[in-house]
Amino acid sequence: MRLPADWIVPDWPAPARVRAFVTTRSGGVSQGEHASLNLGAKCGDDPVRVATNRDAVRRHLPAEPRWLVQVHGNAVADLDRDADDEPAVADAAVTSLPGRVAVVLTADCLPVFLCREDGSRVAVAHAGWRGLAAGVLENAAASVGAAEARVLAWLGPAIGPSAFEVGPEVREAFVRVHDAAEAAFTPRGGEKYLADLYALARLRLAAAGVGDVFGGGFCTFSEASRFFSYRRAKASGRMGAFAWIDGGAAPGAGA
């Protein structure tokens with residue numbers, strides 16, 4: 001079964017057994033600001049429609065994904081140990097078990113896939129500015145094994161550097177840790193800055209030992225027909241970023 005054409009398959013040199021994709025707005029039954037493939041259960045959409053949307057995505061997966069309770073923190077759920085019936089409170093998930101599906105939901109925040117070069121471990125992280133500043137990518141990289149093995153990363157659709165306006169407290173949260181973060185903030189006047197989430201993520205990943213970083217270049221805010229954006233509409237839906245290790249021979253881009 002092939003993925004819908006509008007969904008995004010990462011363009012990165014991951015092993016064939018590492019599978020991942022990001023959904024877009026298309027392919028679901030939700031309406032209004034949630035139209036159409038909203039996967040978020042807590043953003044004001046009809047629960048029946050959300051369940052229908054999730055069922056549509058489930059057909060492209062080897063198992064039911066392990067949904068998280070996301071809190072803009074830095075915790076990483078170990079899906080090899082966590083119980084099926086208790087969603088973990090975390091903003092990243094890691095697994096080494098074939099067929100176990102990790103997922104994060106986003107709508108402007110940055111989804112990041114990570115995997116070991118040999119395909120033995122895969123993770124996905126939800127990285128808004130708070131999670132980035134708190135170290136969610138460093139923790140996700142450590143969970144995959146960046147200290148002892150080559151790790152690859154791919155940056156998915158997030159709000160772009162020409163649309164993400166922040167205050168001085170956001171800039172300070174990054175600059176006080178890495179002087180180089182200064183380059184990711186463009187002054188806009190009135191103590192406001194335009195922040196580049198992609199640049200900040202690359203800086204944090206490099207510091208965590210992940211130098212092979214791919215992807216980026218999207219803007220969820222400006223690409224309104226393709227992506228949900230919380231900054232554009234508070235009642236926005238959510239996209240899903242899914243990753244797993246294939247238990248058999250990888251059949252190509254379609255899951």
Exercise: identify the closest heavy-atom pair between V76 and A140: CG2-N, 3.8 Å
Test item: F218 and L155 side chains (from C-beta on) under 4.5 Å apart, heavy atoms: no
Ring pair (Phe, Tyr, Trp, His ring centres under 6.0 Å) partners for H126, two or more places apart: H72
Stepwise side chain to side chain contact (heavy atoms under 4.5 Å, CB included) check, R58 with V101: CA-CA 10 Å; R58 169 66 181 84; V101 182; over 6 Å; no
Gap separating the CG atom of D45 from the CD atom of Q31, nearest 0.5 angstrom: 9.0 Å
Gap separating the CD atom of E33 from the OG atom of S229, nearest 0.5 angstrom: 10.0 Å
By side-chain contact (heavy atoms from CB on, under 4.5 Å) - contacts of R238 (at least two apart): N38, C43, L105, A107, Y230, S236
Qualifying residues under side-chain contact (heavy atoms from CB on, under 4.5 Å), relative to P13, sequence neighbours excluded: L152, F214
Check: T106 and V22 side chains under 4.5 Å, non-hydrogen atoms: no
Partners meeting ring pair (Phe, Tyr, Trp, His ring centres under 6.0 Å) with W129 (sequence neighbours left out): none
For V210 against A141, the heavy-atom pair lying closest together: CG2-CB, 3.8 Å
Heavy-atom closest contact (A235 atom, H34 atom, distance): O-NE2, 2.8 Å
Any donor-acceptor N/O pair, R171 side chain to E182 backbone, under 3.5 Å: no
R54 side-chain N/O to V57 backbone N/O, donor-acceptor pair under 3.5 Å: no
Under 3.5 Å: donor-acceptor pair, side chain of R66, backbone of A102: no
Under the side-chain contact (heavy atoms from CB on, under 4.5 Å) test, residues paired with A20 that sit two or more places apart: P10, F113, A243
Flag side-chain contact, heavy atom, 4.5 Å: V151 against D212: no
Contact summary for G73 and V136, nearest pair of heavy atoms: O-CB, 3.6 Å
CG-OG1 distance between D6 and T24, expressed to the nearest 0.5 angstrom: 3.5 Å
W7-V9 co-clustered via ILVMFWY side chain contacts under 4.5 Å: yes
Option passing side chain to side chain donor-acceptor pair (under 3.5 Å) with E165 (candidates R188, R231, K192): R188
For P15 against E117, the heavy-atom pair lying closest together: CG-O, 3.0 Å
Intermediate values then yes/no, side chain to side chain contact (heavy atoms under 4.5 Å, CB included), W154 and I8: CA-CA 12 Å; W154 183 83; I8 302 166; 3.7 Å; yes
Heavy-atom side-chain proximity of L97 to L79 below 4.5 angstrom: no
Minimum side-chain heavy-atom gap L39-F242 below 4.5 Å: yes
Test item: D80 side-chain N/O and S96 main-chain N/O as donor-acceptor pair under 3.5 Å: yes
Stepwise side chain to side chain contact (heavy atoms under 4.5 Å, CB included) check, L203 with F174: CA-CA 10 Å; L203 178 64; F174 290 95; over 6 Å; no
E169, CD: over 12 other non-hydrogen atoms inside 6.0 angstrom: yes
Rounded distance [0.5 Å steps], OG in S36 versus CZ in R25: 8.0 Å
Test item: D11 side-chain N/O and G215 main-chain N/O as donor-acceptor pair under 3.5 Å: no
side-chain contact (heavy atoms from CB on, under 4.5 Å) partners for A134, two or more places apart: N74
Validation row: L68, V104 side chains within 4.5 angstrom (heavy atoms): yes
Linked, directly or transitively: L61 and L37 (ILVMFWY side chains, under 4.5 Å): yes
Main-chain N/O of S30 paired to D46 side chain as donor or acceptor, under 3.5 Å: no
Donor-acceptor under 3.5 Å (R232 side chain, F221 main chain): yes
Whether Y198 side chain and P161 backbone form a donor-acceptor pair below 3.5 Å: no
Nearest heavy atoms of T220 and I159, plus distance in Å: OG1-N, 3.0 Å
Side chains of F228 and T23 in contact at under 4.5 Å (non-hydrogen atoms): no
G145 backbone acceptor or donor facing R121 side chain under 3.5 Å: no
Interatomic spacing from CE in M239 to CZ in R226 - rounded to 0.5 Å: 9.5 Å
ILVMFWY network linking L197 to V166, side-chain heavy atoms under 4.5 angstrom: yes
Exam field: side chain D91 to backbone V71, donor-acceptor pair closer than 3.5 Å: yes
Distance (rounded to the nearest 0.5 Å) between L110 CG and L132 CG: 6.5 Å
Verdict with reasoning, V122 to W244, per side chain to side chain contact (heavy atoms under 4.5 Å, CB included): CA-CA 7 Å; V122 65; W244 71 98; 5.5 Å; no
